[in-house]
Amino acid sequence: AETIKIAYIEPLSGPFATNGNTGLAEWQYAAERLVNEKGGVLDGMKFEIVPFDNKLDSKEALIALQVAIDQGIHYFAHGLSSGIGHALTAAVTKNNARNPENRILYLNYSAEDPALVNDACSFWHFRWDADVDIRLDAITDAIAQQQDIKKVFLINQDYSFGKAIVAAAERGLAAKRPDIEIVGNELHPIGKVKDFTPYGRKIVASGAQAVITGNWGPDMIGVGKSAIDAGYDGPIYTISAASLGITRTFGAAGKDKIHVVSEGHLNPPASERAKEYTAGFEAKYPDYDIIQPRIANAVEMLARAIEEVGSAEDVVSVAYKLEGMEHDSIWGGKVYIRPDNHQAIQDIHDQVHTDEGITFPLDNSEYGTISRNVIKMASMDAPTTCKMERPERP
Amino acid sequence: MLEVRDMHAYYGKSHILQGVNLDIHAGEIVALLGRNGVGRSTTCKAIMGDLTPMGSVKFNGMQIAGKKAYEISRLGIGYVPENRDIFLGLTTRQNLILGLKPGQKDGSGRWSMQDMFNMFSNLEERADVEATVLSGGEQQMLTMCRTLMGDPNLVMIDEPTEGLSPQMVQRVAELLQEIAKRGVSTLLVEQKLSIALDIAHRVYVMGHGKVVFEGTPAELKEREDVRKEWLEV
Amino acid sequence: MDLVAINLIDGLFYGLLLFMLSAGLTLIFSMMGILNFAHASFYMLGAYFAYQISLYLGFWAGLLIAPPLVGVLGALIERYGLRRVHQFGHVPELVFTFGLAWLIEEVVKFIWGNNMMAYQEPEILKFALFHIGSNSIQAYKVFMIFTSMAIFIGLLFILTRTRIGLIIQAALSYPKTVEALGHNVPLIFMGVFGVGTALAGVAGVLAGPSLGTFPGMAVVLGSIVFVTIVIGGLGSLWGALIASLLIGWMTTAAASSSFQFATLLEFFGMTPPADLDESYLRDLWTLSLPQIGPILPYIFMILILVLRPYGLFGKRDA
Amino acid sequence: MTGIPDSSSAVSPANGNALRSSLPWIVAVVVLLVLPQVFQANSAITILNQMMITIIFALSYNMLLGQGGMLSFGHAVYMGVGGFFCMHVMNLVEANELPIWLHVLPIFGGLFSLGLATIVGSFSTRKAGTVFAMISLGIGELVAACSLIIIVFFGGEEGISGDRTYFKPFFGVKFLQQNEVYYLIAFWTIVSALLMYLFSRTPVGRMANAVRDNPERAEFLGYSARWVRYFSFCGAGFFAGIAGALVAINFEILTETDLNLGKSGMILLITFLGGTGFFFGPIIGAIVFTLLQSVLSLQTELWQLYVGALFVATVMFFPGGLAGLLMMHQPAMRLGNLGLLVVPYVNTLIPAAIGALGLAGLMEMLFHVRHAAVGDIEMRLFWITFDSHTILPWVIAIATMITGFWLAYRNAPKLRE
Amino acid sequence: MTPALQLDGLHKRFGKTEIIRGVDLSIAAGERHAIIGPNGAGKSTLFNLITGRFPCTSGTVRLHGHDLAGKAPYQINRMGLSRSFQITNIFPRMSVFENIRCSLLWSQGYKYSFWNMVGRSPELTSKTMELLEQINLTSRAELPAGVLSYAEQRALEIGITIAGGADVIMLDEPTAGMSHSETDYIVDLIRKVTQDKTLVMVEHDMGVVFGLADRISVLVYGEIIATAPPEEVRANPKVQEAYLGAALQAEH
Ligand SMILES: Nc1ncnc2c1ncn2[C@@H]1O[C@H](COP(=O)(O)OP(=O)(O)OP(=O)(O)O)[C@@H](O)[C@H]1O
Ligand SMILES: Nc1ncnc2c1ncn2[C@@H]1O[C@H](COP(=O)(O)OP(=O)(O)OP(=O)(O)O)[C@@H](O)[C@H]1O
Ligand SMILES: [Mg+2]
Ligand SMILES: [Mg+2]
């Protein structure tokens, strides 16, 4: 039978190939497990994930998108790099206006720039990930609850993502705990700092009791290690300090210090279903971890929307169906897509890096992250500046 | 000891040596004469393996054509190049040390560093000075001594007297005789006929990439025609 | 102030790390005239080899075994790759090392994948040796500082005291004459390339745990090493040392400062524009020194090259 | 680089034959006109567009490296900066509804990059060699870093995007579709290539060769080596800017990746792959590389490994690049005994190709075994599906690799005649 | 009449060593002048000083009465002085034809123009071919200069030097490394192309020197010990001692 193709446009070569490959495994597994094994949608149509290598380059991503559109594909998944996310959003908006017969929907599972659901929002873009604003809302909540924290240090990469974190952190802390002092606010060039030691020194010297960083990859490890080596002892709140070698590298040194704040969580398993799902994944891909639980939500909700519309080709209807959809997540709690900006609203977990009570460790190590704190339906009514042009409802 | 037969050599495409034949016996001083540019230096270089010769070059019966320069050197052939080649940034002593073969210790051969210093006291005075500041004559001494340090059985010396004052020339002549006395053969490339004729046992004259005369100094003196055609300006 | 002392130590640490890399590169350049673009790739190989070995035999075995392995690999590449390309001239040689850097990175990814390796310092050096204020100085860093000092002294010894050093230096001016004195120059070239890359390997083994072992580690350090030896003067070991330390302290100082360019602008009597977010100069007003720290060495290099094309201690143009 | 003849100068001194010299250009125009009829898919057109842009960029790079002997590690700066400027022009046009045709946009990009090149060149071209190379590296790093800091102009890591359709329609064409853009880019490709070719025929272009070969002697011919380098540098900057403008038109976005060191290194590799000794070398390089990148990357995740290996092999065995390889056959072709070469070629190249395929197969199998999901033991390679966890395919791959390379190795001496 | 080339009190030192120690020389227009002297006397250095390759430590160089101090080589060349090199110095990757054509460009008024296509001018082409004919390299026109034989490269070297149409031509050992017959050919060539020009030449081959030169200067250790017509130089005992050498002495 025919399949419903979802293009997967991510770096599959180059420095970020593992991120791309992990995501691909997660998408394929989710499609298989959550849709195809249950008989597909619309009387037996299966989901097929078609990978494209964007080499982490906007231009290559646009070429890939073009190829996908030429192949008659109507959905594509993308998440790594908000910069490419912007390029793709703009391209999709242009394409859907210029070629109404070949429209395509953007399933964003990871590009976290708040602008994508604010000024740069698009009707054709849906985001299942919690964006920077939402995550920082959760982080500042967590900090606000700890009365003994008086000094917070911000260290981030010098680009829009890092700056968005700074803005959201400052906003959140000022509103929730005006008594907290921001003792350091560092922006460093992304991927260019060889030795983070001076930053570790600054953190220690500032007397900070909590650190907030949005760094990822080697920059994340650099900040974490240098702070711990320099003698810093407090919590480090991060957005993406799990798996991909990071968990293993931190090991014992990061225990109970590294916090990862995100939607979805593996430990403790939310339900039997989540446990089974995760175990299945680990068995099938022993080298990878589920690092983007939201992919399962995206797949399930897309399948539901297509089923309800009764067609996979009528993307306008599918998009309208997704707007405002409420869904029981496999990871517990609900997922709700805000109609005004297409951002998913869901539970956010404050998870700690540890080796205690871990059912599903990461990086084939003993360590993993465990949920310590939940913020229900975070940022449900945050304001948005999104003004999207909507096509006529068919 | 050294037997060169029909040796040819090229620089790129220019055919410089066009069949050279030479013999050097043990303990002999052989002079190689000729005008500028006839290929005398090239002959030395070809024997030394600096450029690959065609034909046969035998040293103590062993074919050495095609061998690498360092292999040839280790077999016992020393070469004093014409443009001195004092190594930048090294002192006189260090230059001499480099003359030693890998693994060889000072004093284990026919010549020790002290011998050299005894012969040329200027060198001893300047032993720890950077060698490139030495005068031209001293540099010439140094290159000769450097090669002798490696204890060769045959030395090829290219224009040792070039740019030297008369009394230095005399010293070089003495050194050459000393070399012969210690049982080392010498191939001497010279322009100054008088010295060559004084100390050489045998003489070869080269012209246009070939040997055009072979004989004793006395014989050469007889041959007005050879001198006119191949040696004079 | 404490922080100044700490930054001096940190800068020394980073500078000496750079030096270990640039020493090998300088050695190779001064001897063979090759700007080896793949140098940082050998550094990366050192870290990966040592990591792999440490899984079975521990850190110290890695430190002992990995650099010679890298050196042998380097020597083989010289013998079968570079020597062949050498005859085509300098540009192809350079392009060859450029391509080699690419290839090595791909091979590393093929074998070890893209993730950061969990390569760790040895347990016995994982403690704070002493404290300055509330900041702790890790024993491992001190160990690294001493190792690279030892390498510098060793290299200086080899270059100036031993016959090999003499041969290397002499072959710089007249390789053919050196060969005619009975020294096997091609073999020495191979050896020098091997030693140079092995030095890069040592740097990798030592830096891997503290700066991270991942496929991008070569790229991150690759061009800065060039900047170092160009600033120091191509071919000068002392120049490489001084430039490494300068860059080490410069970047550390920049990263640890909190200088805002707005201060400078205000000092010159300028006032920030009223609506900063709309102004064309907004980026200048919000700029701080740590933001541009990593590019300071490049600015420094351009200035040096414009004013003094041979670098600080260089004798000649490449 | 000695020993690589330079075709651009080896052209027949009797240049009366206008038809002969313009024939390649006519063929190129015809091919460019026909291509979109053959490849109609938007994506194919997009790749063709990218290929043409890379051609301009590589040709402009070769103005530096091949013709002027200046090794640059930061040429992408001039492409990127020109492109960014065009993006701003595009947005201005949109905001103010300026009556400008999209066709003239590349001139803006070229001029802006030219401006930057005149400034940088004034101090970087004083010397060639390492000094020039390292200054270019420094400038490259500097601008790339600035592109993340100076957001007003570069837009940070998101870059700057715009919409080309707000330009004044060109005889009704609004540039909504990729193939409309195709003709625009094709036009500029031909124009730029022609201009660059003509530049190489001007006194400065000719003297650039002389300065590359022997700057000192060139000074004794009445030309200042520095000025000659400077003019070449500015020219190369101008055409890189045009390429940047075309990027802006084709993709409607420019980001840091358009001017960073990676891009600069890439163009060096592309140019070298094609061959720096011939005018058309970079064109071949650009075509081959774009195809490799877009076709091979669809086939295998290991494509960068293969490209890297191909590149190293090219430098080692064909220092003249692909163009040099082609031109090696020119004498034989003239003598009409190309036929004689067929047998040794078959004997050497086919085993070599088979050996390479065997090696690639081995790599793919290794990769598959290590990275595929557990239980996923089937893999497809060269249109055959098999089980990568059994011995047989490994034996076959290893055997083909070894025999292939061995045969090639044995027959290679014969190829050299 | 102002001399074509006038050197006054020229000194040059490299570091501590003084290589040129006060050279005064005046060469009339149309004269063929040779400089001889032992190796390392400073002949090539003198050439380099005159052509602006090195700056002088002190002293002046005048070309047709114009001081050349501080002028770059290309500026001096434009004033009508052209030189060849002792160590062959051509453009190895360019074709022979292109080597000569490039040498013609400036004197043909092409300068730094971007609109003149050099291939378009039949005049330029014919001039180039003419020169190639003169130096006997027509058959080699399309080869890269780097693959020519040594003698051919020397011929090309001279061709490049004379192409620019300068009226003062300086040749550094033009016959070095050439065989007898080639030497004769080159001597004829030099005689032909410097018909009514000024020629300054360094040469070790006395046959060439005595055959070509109107006057000879003998340079020894940075000083000119004699300047005179060939016969006088040959007879000068000082010259014999310093340069012509012991061989001659022994004979006389
Ligand atoms: N750049 C330099 N630095 C130091 N000394 C130099 C330099 N160039 C030349 N010399 C020295 O100046 C002296 C004169 O050299 P020059 O080349 O002028 O000699 P020449 O008369 O042309 O000799 P030949 O006949 O061998 O060509 C030599 O002793 C040489 O070593
Ligand atoms: N590297 C080279 N490339 C090309 N030709 C060369 C090279 N070296 C020397 N020649 C030429 O080879 C010929 C022989 O040179 P060689 O040095 O052997 O002469 P020679 O007899 O030693 O004369 P001299 O008195 O100059 O030392 C000369 O014509 C010289 O110009
Ligand atoms: Mg000689
Ligand atoms: Mg000279």
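Below, chain A is the first sequence line, B the second, and so on; all start at residue 1.
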Enumerate, atom names and distances included, each donor-acceptor pair closer than 3.5 Å involving a side-chain atom of residues 5-23 of chain C, sequence neighbours excluded.
from	atom 1	to	atom 2	distance (Å)
Asn7(C)	ND2	Leu3(C)	O	3.1
Asn7(C)	ND2	Ser256(C)	OG	3.0
Asp10(C)	OD1	Arg201(A)	NH2	3.0
Asp10(C)	OD2	Arg201(A)	NE	2.7
Ser22(C)	OG	Leu18(C)	O	2.7
Ser22(C)	OG	Phe19(C)	O	3.3
Ser22(C)	OG	Ser244(C)	OG	3.3

Answer yes if the side chains of Lys141(C) and Thr197(A) hold a donor-acceptor pair under 3.5 Å, and no otherwise.
yes
Chain C contact via Lys225(A) - which portion, at a heavy-atom distance below 4.5 Å
side chain
CG-CG distance between Leu244(A) and Asn114(C), expressed to the nearest 0.5 angstrom
9.5 Å
Any donor-acceptor pair under 3.5 Å linking the side chain of Gln138(C) with the backbone of Ala230(A)?
no
Using the test side-chain hydrogen bond (donor to acceptor under 3.5 Å, both in side chains), find all partners of Asn364(A) that sit at least two apart in sequence or belong to another chain.
none
Report yes or no: does Lys202(A) contribute a side-chain atom to a donor-acceptor pair with the main-chain N or O of Ser258(C) at less than 3.5 Å?
no
Taken to the nearest 0.5 Å, the spacing of Ser210(C) OG from Asp195(A) CG works out to 7.0 Å
Only pairs of heavy atoms separated by less than 4.5 Å count here; which of Gly231(A), Pro218(A), Ala253(A), Gly251(A) has the most with chain C?
Pro218(A)
Counting heavy atoms not belonging to Phe259(C), are there more than 12 under 6.0 Å from its CZ?
yes
Taking 4.5 Å as the heavy-atom cut-off, does anything in residues 217-224 of chain C contact chain A, and if so which residues?
Val220(C), Leu221(C), Ile224(C)
Could you give the distance from OG1 (Thr18(A)) to CZ (Phe214(C)), rounded to the nearest 0.5 Å?
13.0 Å
Partner chain A: residue of Gly113(C), Ser136(C), Ala118(C) with the largest heavy-atom pair count (under 4.5 Å):
Ser136(C)
Heavy-atom distances under 4.5 Å only: say whether Lys194(A) touches chain C with side chain, backbone, both or neither.
both
Neighbour count >12 (heavy atoms, 6.0 Å) for atom OH, Tyr56(C)
no
Do you know which of Ser226(A), Gly200(A), Ala17(A), Gly191(A) has the most heavy-atom pairs with chain C at a distance under 4.5 angstrom?
Ala17(A)
What parts of residues 287-303 of chain C touch chain A if we use heavy atoms and a cut-off under 4.5 Å?
Pro290(C), Gln291(C), Pro294(C)
Okay, Asp158(A) and chain C: the region with an atom under 4.5 Å from a heavy atom over there is side chain
Taking atom CD of Glu366(A) as the centre, does the number of heavy atoms from other residues, nucleotides or ligands within less than 6.0 Å exceed 12?
no
Are Met116(C) and Ile246(A) close enough, and set up right, to give a side chain to side chain contact (heavy atoms under 4.5 Å, CB included), and what steps lead you there?
CA-CA 7 Å; Met116(C) 179 84 96; Ile246(A) 299 183; 5.6 Å; no
